[in-house]
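Remember, it's a predicted structure, so these values are computed and weren't measured experimentally.
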Amino acid sequence: MTIDNTQRQLLKQQHPEFFTLSDNTVVGIPMQAMGNLSLLNNPTKLQVQCSRHLYQNEIDAIKEDCLQRGKAGAVIVSPFISPGEQQIATAAMHVNIPLIVLRINGLPPDFEPETRYFEACANGILLILTPFPYQSERIENMRQRCLQLNDIAARICKG
């Protein structure tokens with residue numbers, strides 16, 4: 001669904017709590033956040049981590065498990081970087097399952113969720129977190145950052 005600028009502005013006015021950038025959200029470590037912070041309080045959180053080397057049938061099995069558990073009330077937590085993780089995020093959003101997304105490159109001061117996340121944010125089913133300062137340049141230590149984000153996702157899920 002495409003949301004034009006007028007609709008975006010209206011949704012942001014209707015739900016300012018979901019579109020306000022927070023610099024002091026603490027989830028084990030301080031992080032920037034935007035979205036529904038109450039998702040952190042959900043008692044059932046499910047970490048999703050898919051290797052880039054999985055076959056499509058393996059990704060499909062993980063996706064079906066995530067969707068089933070999400071429909072039962074779990075919040076899905078992941079950086080959603082790999083193609084498999086991205087497929088799961090897309091499928092979850094199609095059926096309004098809440099997500100906690102960990103961003104690898106921080107949040108700029110004028111951050112607004114990309115189109116695929118904007119409506120989920122307005123509906124209160126998205127929380128975007130990042131422990132990293134914003135950077136637009138190429139990330140040199142990408143693998144290390146991905147591992148850090150997966151570790152953070154695991155800690156969020158453990159409570």
Side-chain angles (χ1 to χ4, degrees), residues 1-27 29-50 52 59-60 62-139 142 145-146 148-150 152-153 156-157:
M1 172 172 160
T2 302
I3 301 174
D4 67 28
N5 287 340
T6 304
Q7 290 171 306
R8 281 178 174 266
Q9 193 60 35
L10 180 62
L11 287 170
K12 286 168 42 176
Q13 289 171 353
Q14 290 174 338
H15 304 286
E17 71 278 16
F18 298 147
F19 291 100
T20 301
L21 189 60
S22 165
D23 287 326
N24 296 317
T25 301
V26 178
V27 184
I29 59 173
M31 290 200 231
Q32 286 185 301
M34 180 178 281
N36 187 350
L37 290 168
S38 71
L39 294 177
L40 290 168
N41 299 325
N42 188 306
T44 308
K45 292 181 278 299
L46 173 65
Q47 181 186 10
V48 173
Q49 186 174 348
C50 296
R52 292 182 181 274
I59 293 169
D60 290 341
I62 294 168
K63 178 172 51 179
E64 287 309 310
D65 179 59
C66 288
L67 293 176
Q68 185 176 29
R69 293 172 71 183
K71 288 175 184 175
V75 173
I76 300 174
V77 182
S78 177
F80 297 106
I81 294 170
S82 76
E85 292 164 0
Q86 290 176 15
Q87 288 178 39
I88 292 166
T90 299
M93 285 188 297
H94 280 293
V95 291
N96 294 319
I97 293 171
L99 302 176
I100 296 176
V101 177
L102 297 159
R103 279 183 52 109
I104 199 159
N105 62 339
L107 300 174
D110 59 346
F111 178 74
E112 186 173 287
E114 61 234 42
T115 302
R116 72 188 223 125
Y117 287 144
F118 192 91
E119 189 174 351
C121 196
N123 290 331
I125 60 167
L126 179 69
L127 175 61
I128 301 168
L129 296 171
T130 184
F132 305 114
Y134 175 68
Q135 71 177 81
S136 59
E137 57 276 348
R138 184 175 180 270
I139 298 170
M142 181 68 95
R145 280 203 180 181
C146 289
Q148 282 180 280
L149 291 177
N150 284 324
I152 292 167
I156 288 170
C157 290

Practice item. Find out whether Pro98 and Asn36 are in side-chain contact, i.e. whether some heavy atom of one side chain is under 4.5 Å from a heavy atom of the other. Key: no
**Study point:** Side chain to side chain, Arg69 and Ile76, heavy atoms closer than 4.5 Å
**Key:** no
**Study point:** Any Gln32 side-chain heavy atom under 4.5 Å of Phe111 side chain
**Key:** no
Study note, to complete from the structure: Heavy-atom closest pair (Val101 atom, Pro79 atom, distance to 0.1 Å) is CG1-O, 4.2 Å
Check your understanding: Which of these, Leu129, Thr130, Ile104, sits in a side-chain contact (heavy atoms from CB on, under 4.5 Å) with Leu149?
Key -> Ile104
Review point. Can you name the nearest heavy-atom pair linking Lys45 to Val77, along with the distance?
Key: CB-CG2, 4.1 Å
Study note, to complete from the structure: Value for CG (Leu10) from OG1 (Thr6), rounded to nearest 0.5 Å, stands at 9.0 Å
Check your understanding: Taking side chain as C-beta onward, heavy atoms only, is Ile152 less than 4.5 Å from Met31?
Key -> yes
Revision key, fill the gap. Heavy atoms of Ile59 and Gln87 approach each other most closely as CG2-OE1, 3.6 Å
Review point. Which pair of heavy atoms, one from Leu67 and one from Ile97, lies closest together, and at what distance?
Key: O-CD1, 3.5 Å
Exercise for review: Specify the closest pair of heavy atoms between Gln14 and Pro16, including all atoms of both residues, with the distance to one decimal.
Suggested key: C-CD, 3.4 Å
Practice item. Please check if the side chain of Gln86 supplies one atom and the backbone of Ile81 the other of a donor-acceptor pair under 3.5 Å. Key: yes
**Study point:** Option passing side-chain contact (heavy atoms from CB on, under 4.5 Å) with Val48 (candidates Ser78, Cys157, Ser82)
**Key:** Ser78
Point to revise | Value rounded to 0.5 Å, distance of SG in Cys121 from CG in Leu99 | key: 11.0 Å
Point to revise | pair Val75-Leu127: side-chain heavy atoms closer than 4.5 Å | key: no
**Study point:** Shortest non-hydrogen contact from Asn42 toward Gly73
**Key:** ND2-O, 3.2 Å
Review point. About how many Å separate CD1 of Ile88 and SG of Cys50, when rounded to the nearest 0.5 Å?
Key: 3.5 Å
Study note, to complete from the structure: Given the options Glu119, Glu112, Glu17, Lys12 meets salt bridge (Lys or Arg N to Asp or Glu O under 4.0 Å) only with Glu112
Review point. To the nearest 0.5 Å, what is the distance between CD (Glu85) and OG1 (Thr90)?
Key: 12.0 Å
Point to revise | Check: Asn5 and Gln9 side chains under 4.5 Å, non-hydrogen atoms | key: no
Review point. Do the non-hydrogen side-chain atoms of Tyr117 and Met93 ever get within less than 4.5 Å of each other?
Key: yes
Revision key, fill the gap. The reported gap from CE in Met34 to CG in Leu21 (rounded to nearest 0.5 angstrom) is 5.0 Å
Check your understanding: Can you tell me how far CG of Asn96 sits from CD1 of Ile125, rounded to the nearest 0.5 angstrom?
Key -> 4.5 Å
